[in-house]
Structures are given as C-alpha cells and as structure tokens.
S.K.: 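Quick one: structure below, then a few questions.
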Amino acid sequence: MKYGFIGCGNMGGAVARAVCKGAGAEDVLLANRTPAKAQALAAELGCACGTNEEVASICDFIFLGVKPQMMADMLDELAPVLESRAESRPFVLVTMAAGLSMQQIRMMAGSGYPIIRMMPNTPVALGDGMIQYCYDDVEPARMAEWLAAMAPAGRLDEVPESLMDAASAVSGCGPAWAYQFIEALADGGVAAGLPRAKAQEYAAQMLLGSARMVLESGKHPGELKDAVCSPGGSTIQGVRLLEERAFRGAVTDAVLAAYEKTKDLGKK
C-alpha cells in the first residue's frame with residue numbers, strides 16, 4: 001500500500017476520498033481509533049482498512065489525521081514500528097494536525113523522518129479544497145508522487161512553514177464561517193418570503209459564483225463589490241448596514257482568534 005491514513009474523521013476521510021481518486025483506491029489503507037468508521041469508509045471507497053500498526057508498517061505515505069492533542073500518544077506507540085522500517089523501506093510522514101510543526105511531529109515520532117505538513121479543508125472531498133503544504137527532506141520524485149495523488153483534492157499551494165498557522169485560520173477554518181454566512185443569507189431570504197430550500201440554494205450558488213469571480217478575474221474583491229453597487233440602489237444599502245454592524249471587522253477578528261488558538265495548540 002502506498003497511502004495509509006491513521007484517522008478517518010471529517011478531515012482524514014475527506015483527504016482519503018481525494019487520494020482514492022488521484023492514486024487509486026487499491027493503493028489506500030485506512031485505520032481509525034473506531035474501526036467501524038474506517039470499515040464503513042473503506043467499503044464506500046473500495047479501499048482496504050487495517051490498524052495503525054499496519055499503516056505504519058507498510059505504507060509509503062503515512063497520513064496522520066488525528067487531533068493535535070492525541071498526536072504524541074499515537075506516535076509514541078508507533079515509534080518502534082517506524083524505526084524498524086526506516087532503513088529498509090523509507091516512508092514519508094504527512095501531518096494534517098493544526099498547530100504542530102514538522103519538528104514537533106518528528107520529535108514525537110522519534111526521528112527526523114521525511115515529512116510533509118499540509119493544511120486541507122473539508123471541501124477537498126468534492127475536489128474544491130484549498131490545501132497549503134510545506135515539506136522537509138522529501139525527495140523530488142516522492143513530492144511529485146504525492147502532489148499527483150492530491151491533485152483531485154483542489155488547489156495546492158506551497159508556503160513557508162511560518163505561514164501555515166495563518167493559512168489554517170483562513171482556509172482551514174473558513175468553511176465554517178462560509179456556512180454561517182450562507183445560513184444567514186438564507187434566513188434573510190426566508191424572512192423576505194422565500195421558501196427555505198430556494199433561499200439556501202440561491203445563497204450557496206451565489207457564494208460559489210462570487211468565489212469563482214475572485215479567482216478567475218484576478219480583480220480585487222472591493223472592485224467586484226463596487227460593480228454590484230448601483231448608485232442609490234438596494235445593494236449599497238445592504239453594504240452600508242454591514243459596515244455599521246462591523247461585518248468586516250468581525251470576520252477579521254474571527255480569523256485572528258482562530259490563528260491565536262492554532263498557535264496555542266502547538267504549545268501544549
């Protein structure tokens with residue numbers, strides 16, 4: 001097996017879905033603290049499931065999808081397995097844990113193994129994710145292999161490790177706030193008389209299209225916003241109200257709060 005996943009929760013499962021598309025389900029092995037979760041996902045994707053020890057023993061890329069606070073104990077248990085195969089069959093650790101640096105993961109694993117640190121978000125399950133990554137001591141051929149396997153997940157962007165926590169606060173946490181925004185827009189539509197299903201569909205499609213406008217036009221969001229605001233029109237009145245309610249300041253503060261929390265996770 002080339003690709004092994006330890007942890008099949010929301011994030012680990014989403015990345016596993018993408019890798020099954022990019023590399024083939026026959027090369028993917030899943031493990032989870034609750035075996036039934038790994039078994040259900042494996043049955044859905046057509047891949048195999050096993051134990052943490054099996055993933056650590058045979059996989060070339062070992063995706064670490066457990067929570068940051070659980071990482072040390074999990075890697076401590078697997079350290080002897082990793083050490084025993086390090087020379088005969090080298091591997092790459094792939095960490096998805098928010099706040100934990102590559103050096104911290106290596107210390108927990110017991111040695112300076114080749115490592116990739118990635119920050120995905122849940123839309124990778126649909127192929128529309130945003131994944132930042134950095135790496136150390138990974139051979140170019142191995143990196144190319146990993147990037148090819150991850151390609152179906154969405155956009156990948158290499159960044160310095162010093163920016164990973166900030167990236168996590170924007171695109172890793174951001175989907176939750178986007179869903180809040182969609183829900184709030186739909187609530188407004190319902191208050192104005194729309195059926196709930198239609199209001200939610202309109203809000204979600206609007207956000208999807210607007211995001212594409214930003215990415216594909218290359219224009220500043222402020223310029224695109226101005227293009228929607230006719231003089232004396234309805235939209236500028238909504239913009240005025242959002243400014244009065246400190247909409248942009250609240251969103252900025254949410255990003256900074258998530259950033260500070262992420263940094264705290266790496267200190268524990």
Side-chain angles (χ1 to χ4, degrees), residues 1-8 11-31 42 45-50 52-66 71 74-75 78-97 100-121 124-125 127-164 167-168 171-172:
M1 297 287 180
K2 288 188 176 180
Y3 303 92
F5 287 81
I6 297 176
C8 299
M11 197 64 74
V15 175
R17 290 175 189 277
V19 171
C20 281
K21 295 176 185 176
E26 66 276 5
D27 276 333
V28 176
L29 178 64
L30 307 180
L45 299 179
C47 56
C49 63
N52 291 358
E53 289 75 15
E54 289 171 331
V55 170
S57 296
I58 66 175
C59 293
D60 296 333
F61 293 89
I62 302 171
F63 286 76
L64 308 175
V66 303
M71 188 69 75
M74 185 272 291
L75 285 175
L78 297 181
V81 179
L82 297 175
E83 183 180 8
S84 68
R85 62 166 289 195
E87 295 296 329
S88 60
R89 189 178 179 188
F91 55 87
V92 178
L93 296 176
V94 185
T95 174
M96 296 180 271
L100 296 181
S101 69
M102 291 187 287
Q103 181 59 25
Q104 286 174 300
I105 295 294
R106 282 169 153 171
M107 290 177 63
M108 294 174 186
S111 187
Y113 301 121
I115 187 169
I116 299 170
R117 180 181 176 188
M118 62 180 290
M119 189 62 245
N121 60 10
V124 302
D128 279 317
M130 183 69 242
I131 307 101
Q132 297 86 12
Y133 69 93
C134 57
Y135 61 95
D136 189 51
D137 199 31
V138 182
E139 296 178 356
R142 280 290 181 95
M143 277 306 304
E145 186 178 3
W146 182 80
L147 288 168
M150 288 295 301
R155 290 174 177 255
L156 289 109
D157 187 39
E158 181 181 350
V159 299
E161 186 169 30
S162 60
L163 296 181
M164 289 293 285
S168 171
S171 62

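Numbering of residues begins at 1 and proceeds along the displayed sequence. It should be emphasised that the depicted structure is a prediction, and the values quoted were computed from it without experimental measurement. Values below: all heavy atoms of this structure, side chains included; hydrogens, waters and symmetry mates excluded.
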S.K.: How about Arg85: does its CZ atom have over 12 heavy atoms from other parts shown lying under 6.0 Å from it?
M.R.: yes
S.K.: Going by side chain to side chain contact (heavy atoms under 4.5 Å, CB included), name the residues that satisfy it together with Glu158, two or more places apart in sequence or in a different chain.
M.R.: Tyr133, Tyr135
S.K.: Can you give me the closest heavy-atom contact between Ala23 and Asp27, atom names plus distance?
M.R.: O-OD2, 3.9 Å
S.K.: Would you give the length of the straight line joining atom CG of Leu29 to atom CG of Asn52, rounded to the nearest 0.5 angstrom?
M.R.: 10.0 Å
S.K.: Please name all residues satisfying side chain to side chain contact (heavy atoms under 4.5 Å, CB included) with Ala42, sequence neighbours left out, ordered by chain then number.
M.R.: Leu30, Cys47, Cys49
S.K.: When rounded to the nearest 0.5 angstrom, what distance separates CD1 in Ile115 from CG in Leu93?
M.R.: 5.5 Å
S.K.: Do Leu45 and Val28 touch side chain to side chain, with heavy atoms closer than 4.5 Å?
M.R.: no
S.K.: Checking Asp136 now: which residues fulfil side-chain hydrogen bond (donor to acceptor under 3.5 Å, both in side chains) with it, not counting sequence neighbours?
M.R.: Arg106
S.K.: Kindly list each side-chain donor-acceptor pair under 3.5 angstrom involving residues 137-150, sequence neighbours excluded, with atom names and distances?
M.R.:
{"unit_1": "Glu145", "atom_1": "OE2", "unit_2": "Lys2", "atom_2": "NZ", "d": "3.4"}

S.K.: Going by side chain to side chain contact (heavy atoms under 4.5 Å, CB included), name the residues that satisfy it together with Glu26, two or more places apart in sequence or in a different chain.
M.R.: none
S.K.: Between atom CD1 of Ile131 and atom CE of Met96, what is the distance when rounded to the nearest 0.5 Å?
M.R.: 11.0 Å
S.K.: Please list all pairs meeting side-chain hydrogen bond (donor to acceptor under 3.5 Å, both in side chains) that have one or both residues in residues 107-121, counting only residues at least two apart or in different chains.
M.R.: Arg117-Glu161, Arg117-Asp165
S.K.: Can you name the residues that form a side chain to side chain contact (heavy atoms under 4.5 Å, CB included) with Ala125, not counting sequence neighbours?
M.R.: Ala14, Arg17
S.K.: Checking Met74 against Leu64 for the side chain to side chain contact (heavy atoms under 4.5 Å, CB included) test, could you report, in this order, the C-alpha distance in whole Å, the side-chain angles of both residues, the deciding distance, and whether it holds?
M.R.: CA-CA 9 Å; Met74 185 272 291; Leu64 308 175; 3.9 Å; yes
S.K.: Would you sort out whether Val15 and Val94 count as a side chain to side chain contact (heavy atoms under 4.5 Å, CB included), showing the intermediate values?
M.R.: CA-CA 11 Å; Val15 175; Val94 185; over 6 Å; no
S.K.: Evaluate the side-chain proximity of Val159 to Met119: yes if any heavy-atom separation is below 4.5 Å, no if none is.
M.R.: no
S.K.: Could you tabulate the donor-acceptor pairs under 3.5 Å formed by side-chain atoms of residues 53-62, not counting sequence neighbours?
M.R.:
{"unit_1": "Glu54", "atom_1": "OE1", "unit_2": "Thr51", "atom_2": "N", "d": "2.8"}
{"unit_1": "Ser57", "atom_1": "OG", "unit_2": "Glu53", "atom_2": "O", "d": "2.7"}
{"unit_1": "Asp60", "atom_1": "OD1", "unit_2": "Arg89", "atom_2": "NE", "d": "3.2"}
{"unit_1": "Asp60", "atom_1": "OD1", "unit_2": "Arg89", "atom_2": "NH2", "d": "3.1"}

